[in-house]
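Atoms within each ligand, like the ligands themselves, are counted from 1 in listed order.
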Amino acid sequence: MDQRIDRVLIDRQTIARRVGELADQIARDCQADAPPDSPEAPPLTIVPIMVGSVIFLADLIRHLPLMMRLKLIGVSSYPGKATTSQGVKITSDLPEDFGGAQVLIVDDILDSGRTITAVREQIAGRNAAGVKVCVLLHKQLPEAADVTAEYIGFEIPNEFVVGYGLDYDGYFRNLPEICTLREEAKC
Ligand code: IMP
Ligand code: MG
């Protein structure tokens with residue numbers, strides 16, 4: 001294991017199992033949204049928040065047997081070596097009109113909730129039938145944020161984590177597990 005890693009918080013088998021469960025739950029809920037006279041779920045537009053959601057997204061959507069499209073949005077709140085949120089910066093933009101589709105925002109982690117709130121604001125007024133949120137991780141903060149998600153993979157303690165898409169200074173996204181870093185690695 002890399003010397004900079006402190007410990008593995010969630011291993012790859014546990015992640016894989018949970019991602020499958022989340023996809024099943026999302027697919028069931030989309031199916032339940034289908035009108036009574038139609039066997040088809042309404043189309044789904046997934047809005048992944050780049051870059052952190054990229055690995056989670058790739059695994060999640062391959063378990064979704066649905067008609068779906070992707071519209072990417074880039075949000076940066078932990079620039080460089082920051083390990084606390086530095087304010088939200090939107091780096092790409094969404095279509096003007098979602099055409100009445102259901103929207104599912106996908107992100108790696110829900111921390112202060114500022115990122116999800118900012119993305120929800122971007123989607124508002126662009127003709128989405130409804131907006132739900134799916135995050136792999138939810139950090140338990142001392143002061144509970146009032147932002148929540150319909151689909152949460154794991155509750156984790158209030159620690160800085162990397163791997164499976166999550167980064168420190170742009171690195172460690174390729175680790176297959178969710179890990180904590182040694183203090184010496186965060187400088
Ligand atoms: P929020 O806006 O505070 O909810 O933070 C969410 C965003 O911050 C996520 O999309 C992540 O990119 C990043 N983030 C929050 N906590 C961590 C962490 O522990 N490791 C890596 N990135 C994090
Ligand atoms: Mg992010």
Side-chain angles (χ1 to χ4, degrees), residues 1-12 14-15 18-19 22-23 26 45-61 70-94 103-124 131-187:
M1 189 161 73
D2 191 303
Q3 293 299 301
R4 287 158 293 202
I5 301 304
D6 177 35
R7 66 185 206 284
V8 174
L9 206 62
I10 311 173
D11 64 48
R12 51 204 300 182
T14 309
I15 297 171
R18 187 70 187 123
V19 171
L22 286 173
I26 292 165
T45 299
I46 297 189
V47 175
I49 304 179
M50 294 289 112
V51 179
S53 71
V54 71
I55 313 272
F56 176 39
L57 172 82
D59 285 345
L60 184 76
I61 63 175
L70 292 176
K71 300 288 176 189
L72 274 51
I73 185 163
V75 179
S76 159
S77 53
Y78 285 41
K81 297 180 178 179
T83 57
T84 55
S85 179
Q86 306 292 302
V88 174
K89 192 169 144 242
I90 308 275
T91 52
S92 67
D93 227 336
L94 295 171
V103 171
L104 181 70
I105 300 170
V106 173
D107 204 4
D108 48 6
I109 186 164
L110 176 57
D111 185 1
S112 70
R114 276 190 282 258
T115 302
I116 298 294
T117 301
V119 172
R120 275 188 174 280
E121 280 166 8
Q122 295 288 313
I123 294 169
V131 181
K132 290 184 182 174
V133 176
C134 174
V135 290
L136 180 69
L137 306 174
H138 182 224
K139 235 186 236 186
Q140 288 162 337
L141 298 177
E143 70 294 349
D146 56 2
V147 181
T148 186
E150 282 76 12
Y151 308 99
I152 295 173
F154 303 94
E155 298 284 349
I156 63 161
N158 188 17
E159 282 185 79
F160 194 80
V161 292
V162 295
Y164 199 72
L166 291 119
D167 74 304
Y168 173 68
D169 194 20
Y171 294 103
F172 304 108
R173 294 195 197 276
N174 55 322
L175 293 176
E177 302 99 2
I178 308 280
C179 303
T180 58
L181 284 180
R182 286 189 201 283
E183 276 313 310
E184 313 85 86
K186 290 186 261 178
C187 54

> For S112, is the nearest heavy atom under 4.0 Å from an atom of ligand 1?
Replying inline: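 Checking ligand 1 against S112, which is what was asked, there is a heavy-atom contact under 4.0 Å.
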
> Evaluating non-hydrogen atoms only, which member of R114, M50, K139 is closest to atom 16 (N) of ligand 1?
Replying inline: K139

Taking atom [atom1] of [X] and atom [atom2] of [Y], what is their separation to the nearest 0.5 Å?
X	Y	atom1	atom2	value
L94	K71	CG	NZ	9.5 Å
L166	L136	CG	CG	7.5 Å
I49	F56	CD1	CZ	11.5 Å

Can you list the ligand 1 atoms lying under 4.0 Å from a non-hydrogen atom of [X]?
X	result
E159	19 (O)
D107	9 (C), 10 (O)
D167	21 (C)

Could you tell me whether [X] approaches ligand 1 through its side chain, its backbone, both or neither, with non-hydrogen atoms closer than 4.0 Å?
X	result
V162	neither
V161	both
T115	both

> Should L70 and I61 count as side-chain neighbours, where that means a heavy-atom distance under 4.5 Å?
Replying inline: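 Of all side-chain heavy-atom pairs linking I61 with L70, at least one is under 4.5 Å.
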
> Side chains of D59 and I15: does their closest heavy-atom pair fall under 4.5 Å?
Replying inline: no

>> Does any N or O of ligand 1 fall below 3.5 Å from an N or O anywhere on G113, backbone included?
In response: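 Yes.
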
> Among all residues two or more places apart in sequence or in another chain, which pass the salt bridge (charged side-chain N to carboxylate O under 4.0 Å, His left out) test with R120?
Replying inline: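 Testing R120 for salt bridge (charged side-chain N to carboxylate O under 4.0 Å, His left out), a comparison that skips the adjacent residues, returns none.
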
Tell me which donor-acceptor pairs under 3.5 Å the side chains of residues 177-185 have, and how far apart each pair is, sequence neighbours excluded?
residue : atom : partner : partner atom : Å
T180    : OG1  : D6      : OD2          : 3.2
T180    : OG1  : R7      : N            : 3.3
R182    : NE   : Q3      : O            : 2.7
E183    : OE2  : K186    : NZ           : 3.1

